[in-house]
Amino acid sequence: MTQAYQGGAHGWTGARKGALSRLRFTSLRLRLVVVFGLVALTAAVSASGIAYWLNREAVLTRTQDAVLRDFEQEMQNRAGALPERPTRDELQHTAGQMAGSDQRFSVLLVGRDTEGRTVYGSSGGLNGFSLQDVPKSLRAAVNRTQKVDGANKHPYHLYWQRIVDHDTPYLVAGTRVIGGGPTGYMLKSLEPEAKDLNSLAWSLGIATGLALIGSALLAQAAATTVLKPVQRLGAAARRLGEGKLDTRLRVSGTDELADLSRTFNNAAEALEKRVADMAARDEASRRFVADMSHELRTPLTAITAVTEVLEEELEAETGSMDPMIEPAVRLVVSETRRLNDLVENLMEVTRFDAGTARLVLDDVDLADQITACIDARAWLDAVELDAERGLHAQLDPRRLDVILANLIGNALKHGGSPVRVSVREADDSIVIEVQDHGPGIPEDVLPHVFDRFYKASASRPRSEGSGLGLSIALENAHIHGGEITAANSRDSGAVFTLRLPRGTSPAEEEQPAEDGLTPGSDTDRPQGEDTKGDA
């Protein structure tokens with residue numbers, strides 16, 4: 001039950017991460033949805049704003065024109081019938097009659113009685129519409145006498161203004177009776193129209209929201225249609241990067257994405273062919289090196305036997321060797337050894353390239369292993385060992401011996417003694433450092449010290465090595481899951497650092513080397529294979 005629950009939780013977490021990755025801000029899908037949404041929102045807001053403004057003006061203008069037309073007609077018919085000096089009761093009665101029109105507005109009439117006093121008549125009584133409710137600017141405009149001419153036939157005109165009182169909109173208008181008479185003012189509430197406009201605004205807002213949602217759904221559908229081929233292309237590219245060179249895309253249509261799929265298929269086909277050709281050439285090259293090495297083994301075996309006899313004659317004290325040919329014999333012996341080492345190294349490199357090299361793991365005491373390596377090559381006087389006994393690791397002793405022989409021999413050959421070998425633990429790894437006291441490695445040579453057949457620095461004598469020693473040492477470290485790095489010490493000399501895991505998983509045992517020889521090992525020589533100046 002616990003395992004099932006954990007699996008469900010992991011599945012939910014993976015699904016959530018997948019959804020978040022699809023909606024991350026750098027996602028093309030999200031950007032398409034956002035762009036579609038912004039475009040739709042801009043269009044909807046613009047259309048709604050324009051529609052609201054047009055409808056607002058139309059509603060207010062229609063209501064305003066109807067009210068002003070009715071008020072003007074009432075002023076002419078009813079207020080114009082009043083005497084020039086009306087009483088307050090007459091104004092009050094007339095204002096009530098005017099307010100009873102179809103538009104239902106409040107009326108205020110202002111006049112002067114026979115005694116010259118200002119009298120008021122309001123349709124709402126004493127507490128109704130008053131002169132204080134009329135803006136001063138409107139009152140001034142209404143009482144201003146206009147010049148009468150051909151373009152202006154009347155000294156007074158009708159003026160109006162929209163005001164807001166306690167969040168309620170009103171229409172206020174005023175005019176005077178032409179030919180003498182009272183001044184009339186009208187107050188009309190626009191609250192019903194405002195409610196209608198608010199309802200319209202809400203409707204347009206809802207329509208805008210629905211348009212935004214619809215655009216998001218449309219954008220999602222469009223993004224899915226557009227991005228699906230792109231996602232297939234990305235998945236195909238990942239498979240191609242993983243080495244599945246037979247990956248191809250299904251092509252349908254004639255649009256740009258179909259052209260892209262065709263281009264990808266053509267590129268994948270060309271890459272597959274090129275890689276196949278390169279693999280074939282590489283395999284042929286490895287086979288050639290292996291065959292050549294095997295073919296050289298037979299004559300080398302015979303030549304080695306002869307050189308051993310000649311070497312015994314050289315070391316004999318009988319003086320049977322002609323002094324004239326002694327240098328030539330020594331050269332033949334030396335070059336035969338070198339050629340034999342080169343063939344063995346080539347065979348070892350071939351095994352690494354073919355992936356047939358295997359580990360034979362054992363529990364190794366590092367201090368004992370390094371001491372045995374140094375002692376077998378008579379380097380005890382030239383090497384300082386700093387390693388505690390009892391430090392063990394699961395390693396291949398023969399391959400570790402090859403690594404140490406090359407690193408220490410390289411330090412003695414190119415760096416000079418004393419060479420210091422130190423061993424320490426670092427987390428789950430074993431670190432072995434080989435440091436010499438020579439001039440160090442030139443900076444331009446450091447990146448190439450582990451390259452095959454690399455021999456650098458013309459200022460140094462030509463190395464007697466093949467240029468494969470450090471390369472083979474690095475491959476042996478890699479097969480253990482470790483690494484070798486080269487650097488220059490702060491004081492002087494070069495430092496090679498070997499890092500190996502303490503517990504390497506056992507691998508298949510390597511098949512014994514032919515003729516009982518140990519490829520890539522320098523245990524049969526007093527010096528390690530080439531390197532630094534001659535890597």
Exercise. Report the residues that fulfil side-chain hydrogen bond (donor to acceptor under 3.5 Å, both in side chains) with Arg248, sequence neighbours left out, ordered by chain and then residue number.
Key: Glu272

Practice problem: Output yes when Glu433 and Arg424 qualify as a salt bridge under the 4.0 Å nitrogen-oxygen rule, no when they do not. | Solution: yes

Quiz prompt | Test side-chain hydrogen bond (donor to acceptor under 3.5 Å, both in side chains) applied to Glu74 - qualifying residues, sequence neighbours left out | solution = Arg78

Exercise. Could you tell me whether Arg502 and Glu425 have a side-chain N and a carboxylate O separated by less than 4.0 Å?
Key: yes

Quiz prompt | Separation of Ile163 CD1 from Leu138 CG (nearest 0.5 Å) | solution = 9.0 Å

Exercise. Among residues two or more places apart or on two chains, list those pairs meeting side chain to side chain donor-acceptor pair (under 3.5 Å) that have a residue in residues 178-194.
Key: Thr63-Glu193, Arg176-Thr183

Quiz item: Any donor-acceptor pair under 3.5 Å linking the side chain of Ser261 with the backbone of Leu249?
Solution: no

Exercise. Would you please name every residue forming a side-chain hydrogen bond (donor to acceptor under 3.5 Å, both in side chains) with His93, sequence neighbours left out?
Key: Gln97

Quiz item: Got Val177 and Pro182 here, is their nearest side-chain heavy-atom distance under 4.5 Å?
Solution: yes

Quiz prompt | Side-chain ion pair, Arg117 and Asp113, N-O less than 4.0 Å | solution = yes

Practice problem: Mind listing the closest non-hydrogen atom pair of Leu91 and Gly111 along with its distance? | Solution: CD1-N, 3.9 Å

Quiz item: What heavy-atom pair brings His157 and Thr175 nearest, and what distance separates the two atoms?
Solution: O-OG1, 3.4 Å

Quiz item: Say you draw a straight line from CE of Met186 to CE of Met75; how long is it, rounded to the nearest 0.5 Å?
Solution: 11.0 Å

Cut-off 3.5 Å, no hydrogens considered: what does the side-chain donor-acceptor table look like for residues 195-206, sequence neighbours left out?
unit_1 : atom_1 : unit_2 : atom_2 : d
Asn198 : ND2    : Ala194 : O      : 3.3
Ser199 : OG     : Lys195 : O      : 3.0
Ser203 : OG     : Ser199 : O      : 2.9

Quiz item: More than 12 heavy atoms of other residues, nucleotides or ligands under 6.0 Å from CG of Asp427: is that the case?
Solution: no

Quiz item: In terms of heavy-atom contacts, does CG of Asp65 have more than 12 from other residues, nucleotides or ligands at under 6.0 Å?
Solution: yes

Quiz item: Of all residues at least two apart in sequence or in a different chain, which pass the side-chain contact (heavy atoms from CB on, under 4.5 Å) check with Asp259?
Solution: Arg262

Self-check item: Any side-chain heavy-atom pair of Phe496 and Thr485 under 4.5 Å
Solution: no

Quiz item: Is there a side-chain contact between Phe450 and Ile484 (heavy atoms, below 4.5 Å)?
Solution: yes

Quiz item: CD/Gln161 to OG/Ser137 distance, rounded to the nearest 0.5 angstrom?
Solution: 4.5 Å

Practice problem: Decide if atom CZ of Arg274 counts as having more than 12 heavy atoms of other residues, nucleotides or ligands within a radius under 6.0 Å. | Solution: no

Quiz item: Do the non-hydrogen side-chain atoms of His478 and His480 ever get within less than 4.5 Å of each other?
Solution: no

Quiz item: Rounded to the nearest 0.5 Å, what separation is found between the CD atom of Gln64 and the CZ atom of Arg69?
Solution: 11.0 Å

Quiz item: CG of Leu187 to CZ of Phe105: how many Å apart, nearest 0.5 Å?
Solution: 10.5 Å

Self-check item: Nearest-0.5 Å distance that lies between atom CG in Asn476 and atom CG in Leu498
Solution: 10.0 Å

Self-check item: Contact check, side chains of Ser122 and Val107, non-hydrogen atoms, under 4.5 Å
Solution: no

